[in-house]
Amino acid sequence: MTVPTDFQDRESFESRHPAPPEGSLPSGTAAPAGPVSPGGPAAVPTGGTQVQPGPVARHRRITPSRIVIYLLMVSVLLVFTVPIYWMFSSALKPNSDVYAWPITWFSMHPTMENFVDAMRTAPFGQFFINSVVTSVVGTAFELTFAIMSAYAFAFIRVPLKNVLFMLMLGSMMLPGHVTLLVNYITISKMHLLNTWAGIILPGLGSAFAMFLLYQQMRQVSTEIVEAAVIDGAGHLRRLLQVVLPICRPMVITAGLITFMGKWNEYVWPLIVTSTADMRTLPIGLKFLQSQEGYTNWGAVMAGSVMVAAPMLIVFFIAQKQIVGGISAGALKG
């Protein structure tokens, strides 16, 4: 049966052969393979393909191994966070809650009296200034020397470079206490005892920071450095304008690690200084402990907060840079 093409004939044809109701097809009739008109059946898609049901959300099965992993993660989290919480909470507790048994985890009467006692017992203001000066200046010099050393080992050809590099790495195997006596004698002969310079000078060389930066600089493309050479850039310009911008995350990471090490240094500042006005914050905590055997632990915890809070603030501000630097150091160019 042919369908008339003329408009009037089409009308008469449709009146004699009405269309079937919507959604119904005669028995034995296959679904149309072409596009479906707006008024036609909507269950058959274009091309005759069937509609597949949408993805069903899969629920993770709780297995014994998964439970063990979660328990280990919670245990590690508690090991690291409970001491920090106890330090901060005890700094705000009155003495009755600090020495209470059973342990009082949440104080209903927080107070700032412990911070007042800590500032009254020891000159924490001067301790803070000493720590800031020695840490900032020492980190700046140490990071500068580490950057220049790493660049030299990575891009400059010198005789016996591998031997010198192995000697520097070998110094990382020695504990720092081995050089305490030699450093003390050297600083004493230079008449730098009980000074900021005496605290800073022995720690200016860091094989650890140099090695971190060297590993990162090795991943810098040699084509970029060679292009800078063709443009007439010297070593200093290549370092400042080409290498350092690429290695910026690792430089920040090495600087933060170095700064934290100097901020928390205890043994060397204790040996090289002899007066209270030159002590640093870690040593200042010892001033809060009484010689008679009684210790005001609330004041000690308040002092610990003053020592730890700057490092925690620095970490939370720069944590993306630290993670980025470590991730960059783990990638191969």
Open item on the list: Arg157: which residues meet the salt bridge (Lys or Arg N to Asp or Glu O under 4.0 Å) condition with it, sequence neighbours left out?
Closed with: none

Specify the closest pair of heavy atoms between [X] and [Y], including all atoms of both residues, with the distance to one decimal.
{"X": "Met217", "Y": "Cys247", "result": "CG-SG, 3.8 Å"}
{"X": "Gln216", "Y": "Ile246", "result": "NE2-O, 4.4 Å"}
{"X": "Leu285", "Y": "Ser304", "result": "CD2-N, 3.5 Å"}
{"X": "Met250", "Y": "Leu212", "result": "CG-O, 3.8 Å"}
{"X": "Phe128", "Y": "Pro310", "result": "CE1-CG, 4.2 Å"}

Evaluate the side-chain proximity of [Y] to [X]: yes if any heavy-atom separation is below 4.5 Å, no if none is.
{"X": "Ile67", "Y": "Thr63", "answer": "no"}
{"X": "Ile187", "Y": "Pro202", "answer": "yes"}
{"X": "Pro282", "Y": "Pro269", "answer": "no"}
{"X": "Met306", "Y": "Phe127", "answer": "no"}
{"X": "Met148", "Y": "Phe153", "answer": "no"}
{"X": "Met278", "Y": "Val272", "answer": "no"}
{"X": "Met190", "Y": "Leu201", "answer": "yes"}
{"X": "Leu92", "Y": "Thr111", "answer": "no"}

Measuring from [X]:[atom1] to [Y]:[atom2], what's the distance to the nearest 0.5 Å?
{"X": "Asp231", "Y": "Glu226", "atom1": "CG", "atom2": "CD", "result": "12.0 Å"}
{"X": "Ile185", "Y": "Thr179", "atom1": "CD1", "atom2": "OG1", "result": "11.5 Å"}
{"X": "Phe259", "Y": "Asn264", "atom1": "CZ", "atom2": "CG", "result": "9.5 Å"}
{"X": "Leu270", "Y": "Glu265", "atom1": "CG", "atom2": "CD", "result": "10.0 Å"}
{"X": "Leu244", "Y": "Leu213", "atom1": "CG", "atom2": "CG", "result": "8.5 Å"}
{"X": "Met311", "Y": "Leu281", "atom1": "CE", "atom2": "CG", "result": "10.0 Å"}

Should [X] and [Y] be counted in the same cluster of Ile, Leu, Val, Met, Phe, Trp and Tyr side chains packed under 4.5 Å apart?
{"X": "Met301", "Y": "Val116", "answer": "no"}
{"X": "Phe80", "Y": "Val305", "answer": "no"}
{"X": "Met260", "Y": "Phe316", "answer": "yes"}
{"X": "Leu167", "Y": "Leu204", "answer": "no"}
{"X": "Ile84", "Y": "Trp105", "answer": "yes"}

Spell out, as yes or no, whether a donor-acceptor pair under 3.5 Å connects the side chain of [X] to the backbone of [Y].
{"X": "Ser90", "Y": "Met87", "result": "no"}
{"X": "Thr195", "Y": "Gly198", "result": "yes"}
{"X": "Asp117", "Y": "Ala299", "result": "no"}
{"X": "Lys262", "Y": "Ile257", "result": "no"}
{"X": "Asn130", "Y": "Asp277", "result": "yes"}
{"X": "Ser135", "Y": "Val132", "result": "no"}
{"X": "Ser149", "Y": "Phe145", "result": "yes"}
{"X": "Asn114", "Y": "Ala91", "result": "yes"}
{"X": "Ser171", "Y": "Met168", "result": "yes"}
{"X": "Thr139", "Y": "Gly255", "result": "no"}

- [ ] Using distance alone, with no hydrogens and no angle criterion, decide if Glu223 and Ser221 have a side-chain donor and acceptor under 3.5 Å apart.
- [x] yes

Open item on the list: Tell me which one of Thr273, Leu180, Thr280 satisfies side chain to side chain contact (heavy atoms under 4.5 Å, CB included) with Trp268.
Closed with: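 Exactly one candidate clears the test, Leu180.
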
- [ ] I would like to know whether Val314 and Trp263 meet side-chain contact (heavy atoms from CB on, under 4.5 Å); could you show each step before the answer?
- [x] CA-CA 12 Å; Val314 170; Trp263 183 270; over 6 Å; no

Open item on the list: Counting only heavy atoms from other residues, nucleotides and ligands, does the tally under 6.0 Å from CZ of Phe88 exceed 12?
Closed with: yes

Task: Shared-cluster residues of Leu72, by chain and number - hydrophobic side chains joined below 4.5 Å - done: Val68

- [ ] Using the six-membered ring wherever Trp is involved, compare the ring planes of Phe165 and Phe211 and label them parallel, tilted or perpendicular (cut-offs 30° and 60°).
- [x] tilted

- [ ] May I ask you to decide if the ring planes of Phe155 and Tyr151 are parallel, tilted or perpendicular, using 30° and 60° as cut-offs?
- [x]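 Aromatic pair Phe155/Tyr151 classed tilted.
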
- [ ] Give the C-alpha distance, both sets of side-chain angles, the deciding distance and a yes or no for side-chain contact (heavy atoms from CB on, under 4.5 Å) between Leu193 and Ser274.
- [x] CA-CA 8 Å; Leu193 293 177; Ser274 57; over 6 Å; no

